[in-house]
Amino acid sequence: MMRDMFVKTPFALTFKVYMFNVKNPDEAQNGGRPIVEQVGPYIFDEWKEKWDLVDDEKEDTVEYDMKNTFIFRPDLTLPLTGREIVTIPHPLLMGALIVTKRESDTLLPMVIEGLDAILHNPTTPFLTASVMDILFNGVPLDCTGEVFSAEAICAKLVNDGGLPKINETHVAFSLFTKANGTSMGRFKAYRGVKNVHDMGRVIEYNGEPEMDTWDGDICNQFKGTDSTIFPPFLTKEEGLWAFAPDLCRSLGTEYIGKSKYMGIKLDHFSINFPDLREHEELQCFCRDPPDGCPPKGVIELYQCVEFPMTGSKPQFLDGDPKLIEDIGGLSPNKEDHDIFIHYDLMTAAALSAAKRLQFNLDIEPVEEYPLMKDLKNVMFPLFWVEEGVNLNKTWVNMFKMLVRVKTGNNVIRWLFVTFGLIGAILSAYLLVQNEDKILKVTPVETSKAPSGGSISENILTNFLIVPTIVRFFMSRKMNMKPGHYLRKVHKRLDLHASYYLWNITNPEEVQNNGAKPIMKEVGPYVFDIRREKINQEDNDKDDTWTFDSYSFYKFRPDLSAPLTGDEKLVMLNNILVAGAVKFQLERPPTVNFMEAAINAIFDNPTSIYFHTTAREILFDGVSIDCSVKVFAAKTVCSFLKKDIRIRPNDATGIYNFAILNGVRRFTTKRGAKDPHDVGRITEFNGEPQLYKFSGELEACNKFNGSDRTMFPAFQTKDELVWAFVFDACRSVVGRYKKKQWMKGIKAYYKEYNFLDPELPSECNKNEFYPEIPSGTMNIHPCTEVFVIVSHPHFLRGDKKLLEMVEGLHPNEDLHSSGIYFDLDSGAPIKTYERAQVNTLLLPVPEIPIMANVPEAFVPFYWYTEIFDLDKISIAWILLSNYTNYFFSFLCYPLMILSLGMIGALTFIFMTNRIPGTPEVGENSHKNIEVAVIEINNPQ
């Protein structure tokens, strides 16, 4: 029961929100004293739930994710509805400009330009909207502007801030966007089996044993539980401690005294926020100690949320008197605004509690922005919340019963032991007494009726029914419903891959003199791949299968030898180069912005290359420092984080770029209703289409084909086979080229060619760089950078590609892609998937290290993935094919025999109908009667 309550609270907590409406926004904007009025409460049910629990018996720990879900209670909120219009300081406008002023004031003009575009040139720094829009529903932000700074801000709000998209042009800004129904992070805590005093104590958060938020070890330590459970048998001196991830700190209570709740004696605890200027050991919680410490009664949140936000008790209760003097309309009192917990130390039960916290915007003037130049330095209250619980009589009575049970626990335990022994003895006695009375059952043999059939029945079966049944049987098997063999096969596929990296042998000449890059192929680095479909969901109505596709790579040093993965390479820094080229082509006036980002992320680089190893490029990852505070770098990093090949290395903001990364989610047809639909993609990452192309190119957003592991059954030779390439956001088509016997199966080879006329040429256009070479695939709409995909060594590509670089040698046998199919089953007998990734290199005069480079598509790497159908599947296909061949062949002699028998039977029938031979009719009649008797009496 305790575990169940830990996983999900059995009742909802009461969550209340109070807003502060600004009554004189114009006066406050011009430097006057703000006056506020409290509006609320808006009441919600709050449910706390944990999922994905993983226990470690040895460590006595449990890992889990936790989320809070808020459900609005209009019945309890009345007479308020949530539609009330209030005015508050605009969190986005004021917050973004204050952060920029503090971190990098040289970027203020760009940020101001972006905010003006998003907010349509506001006339006030305050936001006026309905309460529910501000809290949960969201205030629309217009991201349609062509101003780069607006696009950058929107990207950061969506990628880092988690703001949901309303549509392709607008996002919704609200205060509780990330709080409702989303994970608070990954916790690891003690279970308390070995030491009950440790129960619930958090020892890791998001895989780290401590935080890295504050400038001090004490402030970064986890102390206490996650606040949903506490260990029993605590003392009042120990108090209650809990880690609050949204505040990036642990909070501890102080013992106040004895209390009562519904007649039960309890202990009363509260929380206070001291003046950190008087506690030197805690000044690591300050922004700039000691003068930069917040006033008494306030906690600093700037380092935690990267926003000028602070926390306090509601209406600044127990805070510095100046906080209340600066804001009109506040009147704090203990009863309504203090934090309290009425707690039983022995049982670890909180019978009545209220966690109350106010969030304030730490406002300061921004002289560069007219709307904020006259603002006062003030701690401006936005809203406060109360998370409370008051157990009802039912739960209080259960608690009283629990106390009584604990008091008599030893007596009951020994009674159970005694009764158990008596029951065991009695059961043994009854078993011995009834041993000879066990019921014995003797099987009875049943008789079988004789079976048989006429020649005409056998002919009909062999000629018409059997081939149809074989094909029907195949169609039943050729689907992805749970339990079917094909589903089991495709749930986990084993492949082999070889990766080839392109080493630049003349890097200095390329960078400084614009020389043609001389490439050297380094490889193959061989891997075993296990491609698994996980987190599966089935929809019988739509006949679809939804899953995450995840690939596990295992390096094969034995097959890669003499290569080890530690070879030193010089490869194009495609993150640096692609970013610079993007700004040069799309927004030339903002190239200096990108230069600032490059210098911050790569620490003032002097080279456009990665000096790295094959191991780092392929899977360990090349480090990218996104921990820097420069606005330009943070904006660029927000774009980078969208790339599935870039993953966090730790909690400090360091990311790794590696080729072999990423999980994708597909929804595909199972083929139970139509076997020709097997594997056809209907959704990708939860969307029914792409949203990469617009206007006349809207049709390019449609999915066409499968995920490249499943294909439709009952193909014809000339039927085109489509497959969706998720990394390119495009579909490719396979066309019949030849047939060949493979493993006893007549296999039809369908080749993939980027020059195929069925590929829509308009989807390959690029408005910023029209000269996309033929025989390649432009993936700019997908990646937002200037990268093309080609066949390895530019096979079948435009001749100018081979003129841009040296060292490539295309070969049809080694560098083409295709699949050998069994047409009836749609099974790929053997596949060869090969592709090369190439980055556009262009001179960028404003960035010194790129001022003299040549224009070229520089190969980065290429790979080949080979899939061989397993022996069991091959045997199944052979059995199905040979069965079909056998009965098809048998049909011809049986057809001749059948025609002969029909002629003979017709002759006999006509002879028996000659007039004047009544005996024949009588005998025939008797034969018929006998036949009826035999049928009705088979014995």
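Quick caveat: nothing in here was measured; it's all calculated off a predicted structure. Heavy atoms only: backbone and side chains are in, while hydrogens, waters and symmetry mates are out.
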Q: Given side chain to side chain contact (heavy atoms under 4.5 Å, CB included), test L127 with T87 step by step and report yes or no.
A: CA-CA 6 Å; L127 170 65; T87 298; over 6 Å; no
**Q.** Backbone N/O of Q584 and side chain of E846: donor-acceptor pair under 3.5 Å
**A.** no
Q | salt bridge (charged side-chain N to carboxylate O under 4.0 Å, His left out) evaluation trace for K101 with E367 | A | CA-CA 10 Å; K101 178 184 176 182; E367 291 78 8; 3.5 Å; yes
Q: Taking K692 for its side chain and H780 for its backbone only, find out whether a donor-acceptor pair lies under 3.5 Å.
A: no
**Q.** Closest heavy-atom pair and its distance - I608, V577
**A.** O-CG2, 4.0 Å
Q: Kindly assign one of parallel, tilted or perpendicular to the pair F726 and F684, based on the angle between their ring planes and the thresholds 30° and 60°.
A: parallel
Could you give the side-chain donor-acceptor pairs of residues 759-766 under 3.5 Å, partners two or more places apart or in another chain?
residue	atom	partner	partner atom	Å
N764	OD1	R730	NH1	3.3
N764	OD1	N778	N	2.6
N764	ND2	T776	O	3.1
N766	OD1	F768	N	2.9
N766	OD1	Y769	N	3.2

**Q.** Which atom of Q511 lies closest to which atom of S607, heavy atoms considered
**A.** OE1-CA, 3.5 Å
Q.
In this structure, is the centre-to-centre distance between the rings of Y42 and F70 below 6.0 Å?
A. no
Q.
Within the 4.5 Å heavy-atom criterion, are E306 and V99 side-chain neighbours or not?
A. no
Q. Are K800 and E771 close enough for a salt bridge, meaning some N to O gap below 4.0 Å?
A. no
Q) Between the side chains of T839 and N574, is a donor N or O closer than 3.5 angstrom to an acceptor N or O? A) no
Q. Do F666 and N685 have side-chain heavy atoms sitting under 4.5 Å apart?
A. no
**Q.** Distance-only polar pair, side chains of Q836 and Y863, donor-acceptor under 3.5 Å
**A.** no
Q) Using 4.0 Å as the upper bound for N to carboxylate O, is an ion pair formed by D215 and R287? A) no
Q) Any idea which heavy atoms bring S731 and W722 closest together, and the distance? A) CB-CE3, 3.9 Å
Q: Examine distances only and state if a side-chain atom of N30 and a backbone atom of D26 form a donor-acceptor pair shorter than 3.5 Å.
A: yes
**Q.** Side-chain touch E698/F693, heavy atoms, less than 4.5 angstrom
**A.** no
(Q) For M804 and F857: C-alpha separation, side-chain torsions, deciding distance, then whether side chain to side chain contact (heavy atoms under 4.5 Å, CB included) applies. (A) CA-CA 7 Å; M804 291 177 171; F857 280 101; 4.2 Å; yes
Q | salt bridge (charged side-chain N to carboxylate O under 4.0 Å, His left out) against E586, all qualifying residues, sequence neighbours excluded | A | K582
Q: Flag this pair as yes if the NZ/CZ of R587 is under 6.0 angstrom from the six-membered ring centre of F593 and inside a 45 degree cone about the axis; otherwise no.
A: no
Could you go through residues 368-382 and list every donor-acceptor pair under 3.5 Å that involves a side-chain atom there, pairing it with any protein atom two or more places apart or in another chain?
residue	atom	partner	partner atom	Å
Y369	OH	D116	OD1	3.1

Q. Of the non-hydrogen atoms in V305 and D246, which two are nearest, and what is the gap between them?
A. CG1-O, 4.4 Å
Q) Between R102 and D362, is a salt bridge (charged side-chain N to carboxylate O under 4.0 Å, His left out) present by the stated rule, with each step listed? A) CA-CA 12 Å; R102 290 179 181 179; D362 190 5; 3.3 Å; yes
Q: Taking all non-hydrogen atoms of both residues into account, name the closest pair between E855 and P843 and its distance.
A: N-CD, 4.5 Å
